[in-house]
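Reminder, nothing fancy here: chain letters follow the sequence lines and each chain counts from 1. Bear in mind the structure is a predicted one, so any value in this text is a computation, not a measurement.
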Amino acid sequence: MGGVDCNRNRQNEYGATADLGGPAGEEESLCRRREEDIAGLSKGMAAIETYQLTKRYGPILAVDRLDLRVDQGVVFGFLGPNGAGKSTTMKMLLGLVRPTAGRAWIVGHDCQSVKARQAGVVGAMVEEPAFYPHLSGRENLLLLCRLSGTGGDEVDWALEKVGLSDVARRKVGEYSHGMRQRLGIAAALVPRPRVLILDEPASGLDPAGLREVRDLLSGLRGEGLTVLLSSHLLYEVQMTCSHVGLMFGGRMVATGPVGELLGDEKVTVRVEVDQPDVAVNVLAAHGACAEPAQDGALTLKAARSDLPAVVEALVQAGLRVYSVVPHQRSLEELYMEYAQPTPRG
Amino acid sequence: MHSLRRAGRALQVELCKMFTQRSTYAGFIIIALVIGLIVYGTWRHGTRMDELGRLGSERFVVAGKALTAPFVMQFVLPSVMEVLMALLVAAVGGGLIAAEVRSGTLRTLLMRPVTRLELLLAKVGAGWVYALFLSLFAGLTAAALGYLVFGEGDLVSIITGRIVIFSHEEALARLGMAYGFAALGRCAIITVAIMLSCLFDNALTAGAVTVASLLCFRILGEIPYFDTWEPYFLTTHLDVYLDPLKAELDWNDVLRHVGGLACYVVGALAVAGVVFWRRDITT
């Protein structure tokens with residue numbers, strides 16, 4: 001993963017500590033910790049890991065024995081209906097909510113420990129981002145950098161990344177909902193973290209904003225950043241995430257790479273030919289089971305890699321092939337398969 | 001050591017937030033206005049020293065200048081420091097946690113590398129700085145306006161229910177101590193307000209409960225039945241600022257009151273720490 005980024009972070013932290021007048025010992029310790037983190041990651045340590053993580057609010061079981069592992073460099077989409085336990089899980093990962101049972105780690109640090117939130121480890125935006133309205137967007141970020149013990153070197157970079165450079169000096173109280181959302185993402189990015197946790201990052205954004213967030217996440221993924229994001233925009237998740245986890249009733253019901261979950265190896269193909277009855281026999285001879293649809297077309301399940309052979313067989317049999325349309329199962333379809341009432345408590 | 005550094009950074013952030021907010025200065029403006037009105041009223045009314053005679057069984061005449069800068073500074077102590085400033089610090093302290101929980105900014109802060117205890121201590125520190133600045137401001141404003149309008153002179157102190165006369169130099173020293181102790185009391189009030197701010201999600205409720213508690217202590221302190229409880233009331237120890245204005249300064253009494261205030265501070269911090277530590281930040 002991005003060795004360049006690691007070095008860049010280390011330099012920034014070094015410089016920032018010097019700015020604050022901290023002794024050299026602290027700088028060294030900060031760098032050493034960062035090196036340990038990176039070493040841990042390169043050894044295959046999960047960026048995010050939970051073990052039997054449970055949260056109960058009185059009679060409500062919000063998260064039920066969640067075992068989750070998000071490897072480095074993965075953009076993990078956290079899906080589920082409202083109240084499924086996604087935000088609660090994220091809050092537990094960030095130490096905002098204390099688990100009833102189980103444990104969670106970020107880059108090997110216990111999530112309840114302050115080490116898990118040290119500069120450059122995790123950045124987050126959970127629920128609606130909140131800032132001080134009497135301060136400008138830039139001042140808010142500088143304040144957070146100060147709290148993290150770093151300088152504000154990357155504040156301008158983050159503001160530019162989310163398209164807020166022009167209004168950076170305007171008071172946050174004057175920001176629109178979408179602008180505050182972008183500022184929330186910028187806040188999560190400074191100082192540049194190794195793990196990014198975003199809860200509904202696209203909420204309230206216009207189509208252009210959605211696209212920018214998608215591009216931003218793709219770019220961060222390219223830089224080796226691990227992202228855990230929750231969203232109700234399934235299409236966006238499918239476009240952005242490499243892995244997804246479906247959570248219902250506080251439990252993870254499905255998790256894995258997007259392609260694997262959607263069954264990339266087998267697709268439903270709709271074939272339009274001039275003689276469907278003949279085509280069924282031809283395909284049967286090639287080991288493919290086609291079924292005639294009501295409109296005269298055929299549907300069959302086939303591996304995407306077999307499609308050229310299917311078309312070739314039909315053409316060689318003298319059939320006219322008008323269209324071959326593979327239908328990939330969408331994340332929405334997968335989601336709806338699981339979306340059924342789950343008993344809680 | 002790291003913890004201290006983090007707490008120090010959090011304190012800087014809290015102070016920055018506090019003193020970049022316009023509403024923070026409302027307290028200073030109110031205090032300046034009230035002291036200005038006190039000085040103006042005293043100046044227009046002439047001397048109230050005639051009323052001093054009511055303190056004794058016989059009327060007597062005060063010769064010389066009774067209205068002096070130290071007198072104004074002394075007058076400000078019970079009127080501004082005890083009542084007005086208690087309200088102001090309770091309001092500010094009540095909002096330090098509760099308002100941030102409600103607005104969601106506490107979540108933003110706690111996602112950074114700072115423990116809850118460190119953040120709590122930073123907030124208490126910022127609250128103390130506010131209380132100390134406000135007390136200092138009240139003292140300096142009273143002194144400035146007092147010297148401007150009435151000039152220097154001895155202090156005829158009536159605040160303790162007895163007439164005590166201090167020379168100008170001694171009056172300044174005694175008043176300095178009185179303001180210092182009053183500031184200490186405001187720090188205790190703001191700590192209690194912060195504790196209540198951890199318990200309630202509404203800043204107004206936390207501030208109101210703080211003031212209500214002070215009033216309750218004050219009222220109960222007036223009822224002889226509660227005399228045995230009085231040493232444990234916060235208001236009993238808040239009156240420590242009166243000690244330097246007595247003819248003889250009883251250091252044992254001062255230490256007892258300061259100890260009482262310290263107990264309230266430690267107790268409030270302990271409760272606030274436990275509540276804040278265990279709390280889930282769900283908003």
Side-chain angles (χ1 to χ4, degrees), chain A residues 17 20-23 25-26 29-30 55 57 62 87-88 90-100 112-136 139-140 142-150 172 183-184 187-188 190-191 193 197, chain B residues 1-26 95-123 125-126 201 203 273-283:
Chain A
T17 313
L20 287 167
E26 195 189 7
S29 143
L30 203 62
K55 182 63 190 181
Y57 293 108
S87 294
T88 304
M90 288 180 161
K91 284 175 187 164
M92 284 194 279
L93 289 172
L94 294 164
L96 296 172
V97 167
R98 297 190 182 280
T100 309
Q112 296 301 312
S113 143
V114 75
K115 283 182 181 174
R117 299 189 300 280
Q118 71 196 9
V121 172
V122 66
M125 184 186 82
V126 179
E127 291 184 347
E128 198 170 316
F131 295 100
Y132 299 101
H134 65 283
L135 299 175
S136 71
E139 285 166 340
N140 266 287
L142 285 170
L143 212 63
L144 295 176
C145 283
R146 167 69 64 174
L147 196 58
S148 301
T150 61
V172 168
L183 188 62
V190 287
I197 296 177
Chain B
M1 202 61 180
H2 286 303
S3 185
L4 267 179
R5 284 219 176 86
R6 287 195 298 264
R9 287 198 298 256
L11 178 60
Q12 283 177 27
V13 166
E14 287 301 320
L15 289 174
C16 178
K17 270 158 44 187
M18 182 179 272
F19 288 100
T20 50
Q21 206 160 8
R22 275 189 204 159
S23 58
T24 303
Y25 299 97
L96 278 175
I97 305 267
E100 294 227 44
V101 168
R102 184 157 274 208
S103 68
T105 45
L106 192 69
R107 190 183 62 222
T108 307
L109 296 179
L110 286 175
M111 288 193 297
R112 299 281 152 176
V114 60
T115 67
R116 294 184 185 204
L117 193 60
E118 288 157 5
L119 189 64
L120 177 69
L121 289 175
K123 284 189 177 289
D201 278 349
V274 170
V275 172
F276 196 45
W277 187 261
R278 293 166 59 95
R279 184 173 192 166
D280 285 334
I281 309 298
T282 51
T283 51

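No donor-acceptor pair under 3.5 Å is formed between the side chain of Arg102(B) and the backbone N or O of Ile97(B).
There is no contact between Pro133(A) and chain B, counting heavy-atom distances below 4.5 Å. Proximity to chain A involves both the backbone and the side chain of Leu109(B), based on heavy atoms less than 4.5 angstrom apart. With a 4.5 Å cut-off on non-hydrogen atoms, Arg6(B) touches chain A through its side chain but not through its backbone. Leu144(A) touches chain B through backbone and side chain together, each having a heavy atom under 4.5 Å away. With a threshold of 4.5 angstrom between heavy atoms, Ser103(B) approaches chain A through N, CA, C or O but not through any side-chain atom. At a 4.5 Å heavy-atom cutoff, the contact between Ala187(A) and chain B is made by backbone and side-chain atoms alike.
Thr24(B) and Gln21(B) form no side-chain donor-acceptor contact under 3.5 Å, judged by distance and modelled atom types alone. Inspection of the Ser148(A) and Thr150(A) side chains reveals no N or O donor paired with an N or O acceptor under 3.5 Å.
For the set Leu119(B), Leu106(B), Val114(B), Thr115(B), the entry with the most heavy-atom pairs within less than 4.5 Å of chain A is Val114(B). Contact count versus chain B (heavy atoms, under 4.5 Å) is highest, among Leu143(A), Leu94(A), Thr88(A), Ile197(A), for Leu143(A).
Nearest heavy atom pair, residue Ala188(A) against residue Met125(A), reads CB-N, 4.2 Å. Between Leu96(A) and Arg116(B), the closest heavy-atom pair is O-NH2, 2.9 Å. Closest of all the heavy-atom pairs between Pro99(A) and Lys55(A) is CA-CD, 4.3 Å.
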